[in-house]
Structures are given as C-alpha cells and as structure tokens.
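Shown next, in structure tokens, is the structure this report addresses.
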Amino acid sequence: MKMMKCRLGDLVDITRGASLSSEYFATEGKYVRLTCGNFDYKNNCFKLNTSKDDLYYIGDFKPQFLMEEGDIITPLTEQAVGLLGSCAIIPEGGKYIQSQDVAKVVCKEGLIDKDFAFYLISSDIVKRQLSASAQQTKIRHTSPDKIKDCVVWLPSLQEQRSIGSFLRSIDRKIGVCRGVCRVLEGMARELYEYWFVQFDFPDPQGRPYRASGGRMTWNPSLKRDIPQGWSSGTLSDMANVTMGQSPDGSSYNDEGIGTVFYQGCSDFGIRFPKPRLYTTEPKRFAKKGEILMSVRAPVGTLNIANSDCCIGRGLSALSSKHNSMTYLYYMLDDLRAAFDVQNTSGTTFGSITKDELLNLPAILPANDAIEAFEKVCNPIFQKQMQLGEEIATLSRLRDELLPVLMSGQASLLP
C-alpha cells in the first residue's frame, strides 16, 4: 500500500474551546459544557460525565462553540494517564459547549476521511508523539498546534474510507452490545427495586405482596417494617468473601502472559472488567461469574469477573450462599449507601476491611423470593455475560487491526 508522509495540520483543523466562567456553572439548564470527563479513553468513545453536578452552563458563549452531532473532539489536558490522543464523537447536536480543555477536529474535505481521521488521531502513532511533546507538569497538557505537528502516514482516500468504515462498523457493533447490556441491567435492577425495596414481590397468588395487603412486621435491628417471614442479619449470611492480595510487581505484564490480574476498580469497564494486566505469580483468585467489588476508593464499585482471574488488594470477590448471584449483585449495589466515611477506614482514599464488609446489616428475604428472582434474572445475567464476551472479542479485533491498518502493513482493498 502506498503511503504519504504528512503533518496532521495539513489534513485537519484543530481548534480550542471557549473559556467558560465558573460563575455561570449550574446544576440544570439547556447547555452542557464538555470536559475531559466526557472521554471514555479506554474504549475511545463519548460518555456522559457523572463525576460533577454543575455541568450546565447558563452564561453567554459564541455560537461556534456549540457542538453539532458527529463532531470529533479530543482532550487537551491529561487528567488520567492515556487520555491524550483519545477521541469522541458528539452524540447530540445543539446541547454541548466546547470548553477550553477540549479541541474540535475538522477534516479538510478531499484530503482525509472523517472516520479514518478519528482512528488515526487515537492511534499509537499520534499518541506517542503527543505524550513526548506534552508539558511535563503534574497534569500534562497539549495544544492544537502540537496535535497539528504530529507526523502521520496517509494512504489513498479510497483506502482511508475503507479502513474508516470497517473500524467504525466494529465500534457500532460494540455500541449496540453495550446498549443491550444497559437495557438488560435496567430491567433486572428495576425488578430488584420492585421486589426487595418496595416489597412487591409476587405473593402465592401472583399478586404484588405489599400492595395487596401482605403482612409486614417491625424489625428492631433494621428499624423498619419488612415482610412477615423475612429477617435481618449481615452480609455474612448472604455471601462468601475473598479479599484480594497483590502479587509481586515484578510478575506483572501487559502481554497476556500468565493469569488475568485486576488490581482495583480502575480496571473496570462499563459492566465487565477489561484485562489490563497479567501476572505470572497469582495469589488470590476470583472465579468466572463472581462479583468483584472495590474495597478501596471508590469503595463499593461492582463488576462481574468474565474469566477466572487474580485479584489485588483493591478488590474483593463475592459469591452467594443462596445460589443467587443476581440477587447478591443488586443487594450489594443497594448496600453501597453504607460505604460512607463512618463505615470506612484506612488512608485518605478510604477502604473497607473484610470484617466491616461481612458485618454490614442486611435484610434476609425468604428463600422462595430469592429463588424466584434468580429464575427470572439469571437468564438476563447470562445474556450480559455473552454480550460482554462479544464486546471483548470485537474490542480485541479492533485494537489489533488498528496499528496494522494505520501503518500500512495491511490493506482492505483488493
């Protein structure tokens, strides 16, 4: 494949966003300001920023900074290692304001395909150059000029379109799988809330228990009414817990040698862990399908192990004593409110010990309610696991093909 050496600045325009005054930040409004929190840099896509609650902007701004659907953006500040060079596509026009930490990428017509440009900027070829030129402060920065100064190799426009379309089709499929996972997650979570928070699980006649006049009794330990026949206890009555133990750092690698290793919640994907490290000297294990929960800040983050794996000090693995991983998962999610300052200990970041975890107060439902919930929700969990494996396979395919296609080592054209 014939490749041409170019500067990115010859192919795209890169512009910095507006300087937005904090006095106009608000918790609600019409326009949302973009931040580095809108980049899912591990998956190279857009995400909603849930880390702040003052993301709306109610001040004046120039119309040129209001983003359109399909616009490409890239961060100018590295608030997390690996962020520089990642890209995202604006999902909705007329809503997001480009801020000064975010650059907009506009392709020069006839020179570079838009989809190809997206993957080129987020490739290692560009990321390495941005990393080398970034200002070496505690939080590193780049600039539109530094991005434009990156040197790249460009195939023909026809080849670009073929590569861009192919990679985009993989990401669309991944997006569909993630969307189905979120819908399934919402269904199971809503059912849990209905049955075990509102106590409207089906009674023997199939009617919602509490709404149909099911008998409730006062529980002094929980200080609330619960269904008759249910009781109170602790997490130790519901779950087996294994606390992680990190292997020696010299055993780590990112080349896939040994056992998949998860250190903490920073390794988590949206719903399933994404392997980032491996170890040749595993210590504490979690089995496929077990619940992984972070025991260091942010305490209580949950995930599901999609393979047998080694877990580090930042994680615990939990399995159900009642043969219902689905109920245990949502019960743990419901208990997250208990993981506050009063219930954590350790460093400034916060942590929770095994004893503190096992002694968390919990409602103990009747076994038939748990069994009925498992019967309904286990197929949902299994479908999510299947989709998670498909996402992992597609992501691996995309990540392996990206550098090969961008370097011209392979062509998609006959």
Side-chain angles (χ1 to χ4, degrees), residues 8-80 83-122 126 130 134 139-150 164-165 167-168 171-172 174-175 178-179 182 270:
L8 265 181
D10 297 328
L11 307 170
V12 298
D13 287 322
I14 310 285
T15 57
R16 185 185 292 273
S19 177
L20 302 175
S21 175
S22 60
E23 66 177 300
Y24 297 111
F25 293 177
T27 56
E28 56 183 32
K30 181 179 179 180
Y31 301 111
V32 178
R33 57 189 177 89
L34 291 170
T35 72
C36 291
N38 288 115
F39 293 90
D40 181 356
Y41 66 96
K42 293 181 181 179
N43 297 298
N44 205 45
C45 62
F46 185 90
K47 70 173 184 177
L48 297 177
N49 186 355
T50 58
S51 63
K52 299 179 179 180
D53 59 5
D54 61 348
L55 290 170
Y56 289 93
Y57 191 75
I58 57 176
D60 294 330
F61 60 91
K62 295 181 179 179
Q64 69 197 61
F65 296 119
L66 187 61
M67 308 298 288
E68 297 180 4
E69 182 180 348
D71 283 344
I72 299 174
I73 55 173
T74 189
L76 298 174
T77 301
E78 189 178 53
Q79 295 182 351
L83 184 60
L84 292 184
S86 58
C87 289
I89 294 178
I90 299 298
E92 180 182 350
K95 179 177 180 179
Y96 296 99
I97 306 171
Q98 181 191 2
S99 65
Q100 62 182 351
D101 288 333
V102 175
K104 179 181 177 181
V105 180
V106 178
C107 297
K108 296 183 179 180
E109 190 172 352
L111 296 179
I112 187 167
D113 175 73
K114 186 174 181 180
D115 283 336
F116 182 85
F118 176 92
Y119 293 104
L120 179 62
I121 294 171
S122 57
V126 172
L130 292 179
I139 298 179
R140 303 195 309 164
H141 304 270
T142 190
S143 67
D145 286 341
K146 288 180 179 178
I147 298 174
K148 289 190 286 187
D149 281 340
C150 290
S165 176
L167 294 174
R168 177 62 59 206
D171 272 337
R172 286 197 183 102
I174 292 173
R178 288 201 178 105
R182 285 192 289 270
I270 293 177

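Given the structure is predicted, the values throughout are model-derived calculations rather than measurements. One-based numbering along the sequence shown. These values consider heavy atoms only, across backbone and side chains, with no hydrogens, waters or symmetry-generated copies.
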Check whether any side-chain heavy atom of Glu78 lies under 4.5 Å from a side-chain heavy atom of His141, and answer yes or no. no
So, Ser122 and Asn44: side-chain donor and acceptor under 3.5 Å apart, yes or no? yes
One should read off an interatomic distance between Asp53 CG and Thr27 OG1, to the nearest 0.5 angstrom, of 6.5 Å
Salt-bridge contact Lys148-Asp145 (side-chain N to carboxylate O under 4.0 Å): yes
Decide if the gap between the ring center of Tyr31 and the ring center of Phe61 is smaller than 6.0 angstrom. yes
side-chain contact (heavy atoms from CB on, under 4.5 Å) between Ile147 and Leu76, intermediate numbers included: CA-CA 9 Å; Ile147 298 174; Leu76 298 174; 3.8 Å; yes
Side chains of Phe118 and Arg168, heavy atoms from C-beta outward: is any pair under 4.5 Å? yes
Side chains of Val126 and Leu8: closer than 4.5 Å at any heavy-atom pair? yes
Given the options Val12, Ile90, Val105, Val106, Ile72 meets side chain to side chain contact (heavy atoms under 4.5 Å, CB included) only with Val105
Might you work through the side-chain contact (heavy atoms from CB on, under 4.5 Å) test for Phe25 and Leu20, ending with a clear yes or no? CA-CA 8 Å; Phe25 293 177; Leu20 302 175; 4.1 Å; yes
Less than 4.5 Å apart, side chain to side chain, heavy atoms only: is that true for Asp10 and Leu111? no
Interatomic spacing from SG in Cys36 to OH in Tyr41 - rounded to 0.5 Å: 11.5 Å
Measuring from Ser22:OG to Tyr57:OH, what's the distance to the nearest 0.5 Å? 9.0 Å
For a side chain to side chain donor-acceptor pair (under 3.5 Å) check, start with the C-alpha distance between Asp113 and Tyr119, then their side-chain angles and the critical distance, and finish with the verdict. CA-CA 10 Å; Asp113 175 73; Tyr119 293 104; over 6 Å; no
Sub-4.5 Å side-chain heavy-atom contact between Gln64 and Thr15: no
For the residue pair Glu92 and Glu69, establish whether any side-chain heavy-atom pair is separated by less than 4.5 Å. no
Does a sphere of radius 6.0 Å around CG in Leu48 hold more than 12 heavy atoms from other residues, nucleotides or ligands, not counting ones at 6.0 Å or beyond? no
Verify the neighbour count for atom CD of Glu23: are there more than 12 heavy atoms of other residues, nucleotides or ligands below 6.0 Å? yes
Go through the steps for Phe46 and Tyr96 under the test side-chain contact (heavy atoms from CB on, under 4.5 Å), then give the verdict. CA-CA 12 Å; Phe46 185 90; Tyr96 296 99; 3.7 Å; yes
May I ask you to decide whether Asp54 forms a salt bridge with Arg33, counting only side-chain N to carboxylate O separations under 4.0 Å? yes
Establish, from distance only, whether the side-chain atoms of Ser99 and Asp101 form a donor-acceptor pair under 3.5 Å. no
Pro75: which of Thr35, Asn38, Leu83 passes side chain to side chain contact (heavy atoms under 4.5 Å, CB included): Leu83
Would you indicate whether the side-chain heavy atoms of Ile73 and Leu34 approach each other to under 4.5 Å? yes
With side-chain contact (heavy atoms from CB on, under 4.5 Å) as the criterion, how do Thr142 and Thr77 come out once you've worked through the C-alpha distance, each side chain's angles and the decisive distance to 0.1 Å? CA-CA 6 Å; Thr142 190; Thr77 301; over 6 Å; no
Quick one: does Arg178's side chain get under 4.5 Å of Asn43's, heavy atoms only? yes
